[in-house]
Amino acid sequence: MSRRIKRMNPKPRSRDERDDSRPHQARSAKKAGPRPGGKPGGKPGAKPRFVGERAERRPPNAVQERPAPEKSVEALLPTKVQTVTVTADENNMRVDRFLEARFPGLSFSHIQRVVRKGELRVDGKRVDSKDRLEEGQSVRIPPLKLDAPKAAGPLSEAAQKTLKALKEMTIWEDDDVLVLNKPAGLAVQGGSGMTRHIDQMLEVMRDAKGQKPRLVHRIDRETSGCLLIAKTRFAASHLTGAFRSRSARKVYWALVPGLPKPKQGRISTFLAKEEGEDDTIMRIAQHGDEGASHAVTYYAVVETAGNKLTWVSLKPVTGRTHQLRAHMAHIGHPIVGDPKYFNIENWQLPGGLQNRLHLLARRIVIPHPRGGVIDATAPLPPHMQQSWNLLGLDATRFDPIENAPEE
């Protein structure tokens, strides 16, 4: 089924479930004016006005003494016992994370103390800080000591450039989900000597509550293509659940030497990490080996270039580290440009092709947290597009991996 599945109409959401942190989709501003209940409207950040107050009349030339500023944050800081209801966005959230999200100024030690002493109750019962909450539960919160929230200032020039870069990578976005076309060479998470990566870049998208978008899965640094990001806790919970239940379908494209036989097949092995002096690779292991995990990949030949190079489409059933790279090397067709797993001696790279990893996270299809389906596709990165052009491969061909079983 090569046609694109459109997202179905999601059910209406409450104001609290919406996320206004989208970097490139501005919402229409509402006119300032009286709100229901007599509260005046106004621009965000404006000082509150109090209905019914009268300004004291003073002579025109009288010197007015500025009163000491009131602690405007007091209204935001709970000083009495309160009871709140767990929202859909907070479903399956740990108790300690729930408190962190609700009260950004609450210290870790304070969270642990109120939970340990049983001052915080869920549906009238004591809980542990690692217990998970369910939508609709009633949470009794004791008096808390919070730091005053820091006012969010304007983005720096560097942050604005980062936001622009994320916008240029975006291939899908709504209130809950973001799909990026990650370029080859950009890491998803930090590591030794890593100064720039996607997780760090997402800091510029923190919302008013201090929450930033979350990584749902990962792809290798040198692999380009679809990277799924959850913009809300609600979405993160549902999307990670879809990966655990294998409801997510991922398709990768790769260029390999030779012609795999049969042209469509299933690779099933155990993989285990092998630590080297300078690097870590995944080796083919046996069932029962320490640290060994089962890994399954379907592959299909899409098109060949003179039987010397082959474009293959890959569908991983499991999500092990370096799974596709290790599996293709295992069957004798390592991915072109792979510095870790390309093991064919005296093999010469055809002229004009760049010696870079030819692996693309082409497509991701996953149920949307609010109904319907997310279906995102990434284009060939520049170095793979160059190879496709030189080899005469047609990127619009039907992808036979569509016929692979859903395991």
Side-chain angles (χ1 to χ4, degrees), residues 10-21 35-37 39 44 48 70-152 175-177 202-203 205-216 229-245 367-371:
K11 61 183 180 181
R13 288 167 283 158
S14 67
R15 181 185 297 266
D16 291 336
E17 288 176 321
R18 296 175 188 158
D19 186 346
D20 290 333
S21 63
R35 297 178 183 168
K39 294 181 181 181
E70 295 181 3
K71 294 183 179 180
S72 59
V73 296
E74 296 251 332
L76 301 175
L77 307 182
T79 55
K80 298 180 181 179
V81 174
Q82 59 177 307
T83 301
V84 299
T85 302
V86 179
T87 66
D89 192 43
E90 295 162 335
N91 185 54
N92 201 39
M93 190 184 293
R94 281 174 34 163
V95 170
D96 52 359
R97 301 285 186 264
F98 169 83
L99 289 174
E100 286 177 359
R102 286 265 182 163
F103 311 106
L106 192 61
S107 68
F108 175 78
S109 59
H110 198 168
I111 291 174
Q112 298 301 313
R113 184 167 63 253
V114 299
V115 174
R116 185 178 64 251
K117 289 184 175 181
E119 296 174 0
L120 181 140
R121 299 285 179 124
V122 178
D123 288 343
K125 300 177 182 178
R126 295 178 67 124
V127 291
D128 186 81
S129 61
K130 294 181 180 179
D131 289 344
R132 295 190 178 271
L133 298 170
E134 296 180 5
E135 180 183 357
Q137 284 185 320
S138 177
V139 182
R140 176 198 178 275
I141 301 173
L144 302 173
K145 296 178 182 179
L146 305 179
D147 296 329
K150 297 179 181 179
D175 287 348
D176 297 290
V177 183
L202 292 173
E203 289 285 347
M205 292 182 65
R206 284 190 180 273
D207 62 18
K209 294 182 180 179
Q211 300 179 37
K212 78 169 188 179
R214 299 162 178 77
L215 299 168
V216 177
I229 310 289
K231 294 173 66 176
T232 63
R233 291 182 185 273
F234 170 76
S237 175
H238 281 259
L239 294 173
T240 53
F243 273 95
R244 282 196 299 269
S245 65
H368 193 283
R370 302 189 190 277

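Both backbone and side-chain heavy atoms feed into the values below; hydrogens, waters and symmetry mates do not. Here the structure is a predicted model, which means the values were calculated and not measured.
Legend: residues meeting side-chain hydrogen bond (donor to acceptor under 3.5 Å, both in side chains) with Arg94, ordered by chain and number and at least two apart, are Asp96. Every residue meeting the side-chain contact (heavy atoms from CB on, under 4.5 Å) condition with Arg233, not counting sequence neighbours, appears here in chain and number order: Asp89, Met93, Arg97, Ala101, Gln211, Arg214. Listed by chain and residue number, nothing satisfies the side-chain hydrogen bond (donor to acceptor under 3.5 Å, both in side chains) test with Thr83 (two or more places apart in sequence, or in another chain). The side-chain hydrogen bond (donor to acceptor under 3.5 Å, both in side chains) search around Glu134 returns none, not counting sequence neighbours. For Ser109, the side-chain hydrogen bond (donor to acceptor under 3.5 Å, both in side chains) criterion is met by Ser107, not counting sequence neighbours.
If you take NE2 on His110 and CG on Leu99, they are separated by 9.5 Å, rounding to the nearest 0.5 Å. One distance of note links CG of Asp176 with NE2 of His238; it measures 9.5 Å at 0.5 Å rounding. Atom CZ of Phe98 and atom CD1 of Ile111 lie 11.0 Å apart (nearest 0.5 Å). Atom NZ of Lys212 sits about 15.0 Å away from atom NZ of Lys231, to the nearest 0.5 Å. Here the straight-line distance linking atom CD of Glu135 with atom OG of Ser237 works out to 11.0 Å at 0.5 Å rounding.
Nearest heavy atoms, Pro369 versus Val177: CD-CG2, 4.1 Å. Residues Val86 and Asn91 come closest through the heavy atom pair CG1-N, 4.3 Å.
Counting heavy atoms from C-beta outward, Val84 and Ile141 have side chains that approach closer than 4.5 Å. Taking 4.5 Å as the limit, every side-chain heavy atom of Ile229 sits out of range of all side-chain heavy atoms of Val216.
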Tell me, with the steps shown, if Leu133 and Glu90 meet side-chain contact (heavy atoms from CB on, under 4.5 Å).
-> CA-CA 7 Å; Leu133 298 170; Glu90 295 162 335; 5.8 Å; no

Exercise answer: donor-acceptor pairs, residues 118-130 side-chain atoms, under 3.5 Å, sequence neighbours excluded:
{"from": "Arg121", "atom 1": "NE", "to": "Gly118", "atom 2": "O", "distance (Å)": "2.8"}
{"from": "Arg121", "atom 1": "NH1", "to": "Gly124", "atom 2": "O", "distance (Å)": "3.4"}
{"from": "Asp123", "atom 1": "OD1", "to": "Ser138", "atom 2": "N", "distance (Å)": "2.9"}
{"from": "Arg126", "atom 1": "NH2", "to": "Arg116", "atom 2": "O", "distance (Å)": "2.8"}
{"from": "Asp128", "atom 1": "OD2", "to": "Lys130", "atom 2": "N", "distance (Å)": "3.0"}

